[in-house]
Amino acid sequence: MSSSTTSDDERKPQRRRGAKVAIALTALAAILGYATNFAAPHHATPSRVSLDVGAIFVQQILNTMTLDVESIHLVPPPHSYEHLHAGLSAIELVISVDVECLPFGGGPLGAVKATLASNEMLLEFRGRYVGTISTLPVQLGGGGKMHKNMLATFVVDSPDAFRELAEAVVFEEDFTVELSSVLAIELRGQENGCFLRKEMCATVGSFRIDGVKFASSVALKGAKGLVPKLSNFRLSDLPSPVLAGDALIQMDATIANPSSFVFGGLDEAISDVHPDNDPTDSSLDRALGVKFATVSTPESFSLPRGTAQWFTISGSLEVNEREHDLIETARVFDNFLMGNSTMLLVSIQKFKQPFYQYAAESLALRAPLPGLVKTKSIIQMVHVALDVPFALASLSLGAVLKQGAQIEVQNPLDSSILVMGLVAGIYYNGVHVGDVDMPNLGDDAFLVPPLALYRTTTWITCELNGDIVALASMLKTMINE
């Protein structure tokens, strides 16, 4: 993520390199040394000297400076910035950056140290003004290569442009922002130390050079979707007077964050969960299925760079009492119980921190929910009431055998299941021999307690309509037993 300063005639000064820069630095050193001795003779108290001509040479140094942003740590402020007018939001930043600029000096007395004074930088994204970054002073030493942590406050001025930037942060692989400012450089002597002997530093003096123009394109990395990885889905009963009423949903999650940003202080994030109607559709609005759950992250939640540690999200099953919503939700759980993965859309509704709420409005993330790792089948056994000799005779005549059966069901969840229909295949030695096809049990619907093995008390119709050879073999085996 390297960046280099750029400029135009009005805001972004032209870059000069090579011999011209060396000559400029030599001249700067001479002027600073002369001005220092002129303003404060040997052993005199250091004084501040206004040096307008120095701005030309400091500008050359700044023009050749390069920035490489390692990370930007977002730290929500301890207060809510209530003094900001409606629609604005702010957050504290710790910007970890590698800086490289030409070394600079202070004339015959040697090198001095420089400070980038506090200033306000304008932030633009794809030609749109977003807001202002107010930085605290940064020590630049004597130039060269250095690693610095810049403390700043970012204030949003344009909500629409900011949300466009927030989408780039979450979904894109990389992007560029533009920074510009008119700032001040302070060349300091003994008040911040220098590289000389103590008696020499006492005479170096200090200079503040205002009106230095700065403009830079900064390359940053996006999070490429912040795709969560889900595991260990759990469903358990909540106290409810309604049969098969509310249920507690829990699952473990981790998120890979390859971006330049550390999202500190996210705290509790509340989200709605929907099935993804079309995982290939780039428009999340079109792919959004019915809402079937509301979940939240832990209250102390933050998202570091790299892969976060596993954390638990929890919430409740919430489905509208409409046929379409119930069918779509049933498909999600059918997939889960059958061991198949289902793509979900997690639509963020509310952040406890106002800044993140401001950024994530209508934000949705895709997250695959893995299927249940099954140790045994949910339908354990089909008990068929069968007159075997009669069945064999009927089979020889080509008749379809319709028999009554009781179904034995194993509930794999820590939650009650209301079984309203059954569709199952019957197999013998791996060959299909029949079906239970009762998608609507009506009054025969039954409730299976959590983690229980349950056998229906009513008889459900099944058809022995599969492979005749396998079916005959099964019936003969039953006679012999």
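As the structure is a computational prediction, the values presented were derived from the model and not from experiment.
Pairing each heavy atom of F175 with each of V169, the nearest pair is CZ-CG2, 3.7 Å. Taking both residues in full, the closest heavy atoms of N277 and G289 are given as ND2-CA, 3.4 Å, listed atom of the first, atom of the second, then distance. Residue S134 comes nearest to E120 through the heavy atom pair OG-CG, 3.5 Å, listed as atom of the first residue, atom of the second, then distance. In plain terms, the two heavy atoms of S302 and G265 that are nearest each other are OG-N, 2.9 Å. Smallest separation of non-hydrogen atoms from V332 and P275: CG2-CB, 3.9 Å. In this structure, P159 and D157 approach most closely via the heavy-atom pair CD-O, 3.6 Å.
Proximity of D325 to I327: side-chain heavy atoms (C-beta onward) are nowhere separated by under 4.5 Å. Looking only at side-chain heavy atoms (C-beta outward), P439 and V423 come within less than 4.5 Å of each other. Counting only heavy atoms from C-beta outward, the side chains of W310 and N232 never approach each other to under 4.5 Å. The shortest side-chain heavy-atom distance between T312 and M251 does not fall under the 4.5 Å cut-off. T297 has its side chain out of reach of L266: every pair of non-hydrogen atoms, C-beta onward, lies at least 4.5 Å apart. Between I255 and L303, the closest side-chain pair of non-hydrogen atoms falls below 4.5 Å. Looking only at side-chain heavy atoms (C-beta outward), L235 and L248 stay at 4.5 Å or farther from each other. Between V227 and L365 the shortest side-chain heavy-atom distance does not fall below 4.5 Å.
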Note to self: If you apply the rule side-chain hydrogen bond (donor to acceptor under 3.5 Å, both in side chains), what do you find for E92 with T153, and how did you get there?
What the structure shows: CA-CA 4 Å; E92 307 293 341; T153 300; 2.8 Å; yes
Note to self: Using the rule given for side chain to side chain contact (heavy atoms under 4.5 Å, CB included), can you reason through V94 versus I72, listing the C-alpha separation, both sets of side-chain angles and the distance that settles it, and then say yes or no?
What the structure shows: CA-CA 6 Å; V94 180; I72 300 176; over 6 Å; no
Check: Could you walk me through whether D278 and R286 pass the salt bridge (charged side-chain N to carboxylate O under 4.0 Å, His left out) check?
Finding: CA-CA 8 Å; D278 187 357; R286 289 196 299 265; over 6 Å; no
Next item on the list: Give the intermediate values and the outcome of side-chain hydrogen bond (donor to acceptor under 3.5 Å, both in side chains) for residues E318 and T294.
Entry: CA-CA 7 Å; E318 296 182 6; T294 297; 3.1 Å; yes
Next item on the list: Evaluate the side-chain hydrogen bond (donor to acceptor under 3.5 Å, both in side chains) criterion for residues Q349 and S347: first the C-alpha distance (whole Å), next the side-chain angles of each, then the deciding distance (0.1 Å), finally the verdict.
Entry: CA-CA 6 Å; Q349 299 300 309; S347 176; 2.9 Å; yes
Check: side chain to side chain contact (heavy atoms under 4.5 Å, CB included) between V97 and D68: does it pass, once the steps are laid out?
Finding: CA-CA 6 Å; V97 60; D68 185 3; 5.6 Å; no
Next item on the list: Assess whether side-chain hydrogen bond (donor to acceptor under 3.5 Å, both in side chains) is satisfied between S314 and Q250, documenting all intermediate values.
Entry: CA-CA 4 Å; S314 58; Q250 291 180 301; 5.0 Å; no
Item checked: Worked verdict on V319 versus E321 for side chain to side chain contact (heavy atoms under 4.5 Å, CB included) -> CA-CA 6 Å; V319 187; E321 295 291 332; over 6 Å; no
Next item on the list: Check the pair F333, L317 against side chain to side chain contact (heavy atoms under 4.5 Å, CB included), reporting the backbone distance first and the verdict last.
Entry: CA-CA 12 Å; F333 285 96; L317 190 64; 3.9 Å; yes
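Judged as a side-chain contact (heavy atoms from CB on, under 4.5 Å), and not counting sequence neighbours, the contacts of L451 are D414. With sequence neighbours excluded, the residues satisfying side-chain contact (heavy atoms from CB on, under 4.5 Å) with H324 are V290, E328. The side-chain contact (heavy atoms from CB on, under 4.5 Å) search around P304 returns A308, not counting sequence neighbours. Listed by chain and number, the residues in a side chain to side chain donor-acceptor pair (under 3.5 Å) with E164 are R128 (sequence neighbours excluded). For D272, the salt bridge (charged side-chain N to carboxylate O under 4.0 Å, His left out) partners at least two apart in sequence or on another chain are K291. E172 meets the salt bridge (charged side-chain N to carboxylate O under 4.0 Å, His left out) test with R126; sequence neighbours excluded. Take A256 and apply the side-chain contact (heavy atoms from CB on, under 4.5 Å) test, not counting sequence neighbours, and it matches T307. Take D252 and apply the salt bridge (charged side-chain N to carboxylate O under 4.0 Å, His left out) test, not counting sequence neighbours, and it matches R234. Every residue two or more places apart in sequence or in another chain was checked for a salt bridge (charged side-chain N to carboxylate O under 4.0 Å, His left out) with D334, and none qualifies. Checked against ring pair (Phe, Tyr, Trp, His ring centres under 6.0 Å), F171 has no partners two or more places apart in sequence or in another chain.
Taken from CD in E124 to CG in L165, the straight-line distance is 12.0 Å, to the nearest 0.5 Å. The line from CG of L74 to OH of Y356 is 4.5 Å long, rounded to the nearest 0.5 Å. Put simply, CD on E167 and CZ on F162 are 11.0 Å apart, with the number rounded to the nearest 0.5 Å. We find the CG-CZ distance between L179 and F214 to be 6.0 Å, quoted to the nearest 0.5 Å. We find the CG-CG distance between N411 and L447 to be 9.0 Å, quoted to the nearest 0.5 Å. To the nearest 0.5 Å, atoms NZ (K148) and CG (L151) are separated by 11.5 Å.
Side-chain atoms of S260 never come within 3.5 Å of backbone atoms of L220 as a donor-acceptor pair (strictly under, hydrogens ignored). With hydrogens and angles disregarded, no donor-acceptor distance shorter than 3.5 Å links the side chain of S180 to the backbone of L123. A side-chain donor-acceptor contact under 3.5 Å links N440 to the backbone of G442. A donor-acceptor pair under 3.5 Å links the side-chain atoms of R305 to the main chain of S259, judged by distance alone. Counting only distance, with no hydrogens or angles, the side chain of S296 and the backbone of A269 share no donor-acceptor pair below 3.5 Å.
More than 12 heavy atoms of other residues, nucleotides or ligands shown are found within 6.0 angstrom of CD on E268. Counted within 6.0 Å of CE on M150, heavy atoms from surrounding residues, nucleotides or ligands total more than 12; the atom is thus considered enclosed.
Counting only residues at least two apart or on different chains, the ring pair (Phe, Tyr, Trp, His ring centres under 6.0 Å) pairs with a member in residues 261-301 are F301-F311.
Defined by atom type and a distance below 3.5 Å, a donor-acceptor pair is missing between the side-chain atoms of H73 and S96.
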For a quick test of your reading: what N or O donor-acceptor pairs under 3.5 Å do the side chains of residues 339-346 make, sequence neighbours left out?
unit_1 : atom_1 : unit_2 : atom_2 : d
S341   : OG     : L369   : O      : 3.4
T342   : OG1    : N335   : ND2    : 3.3

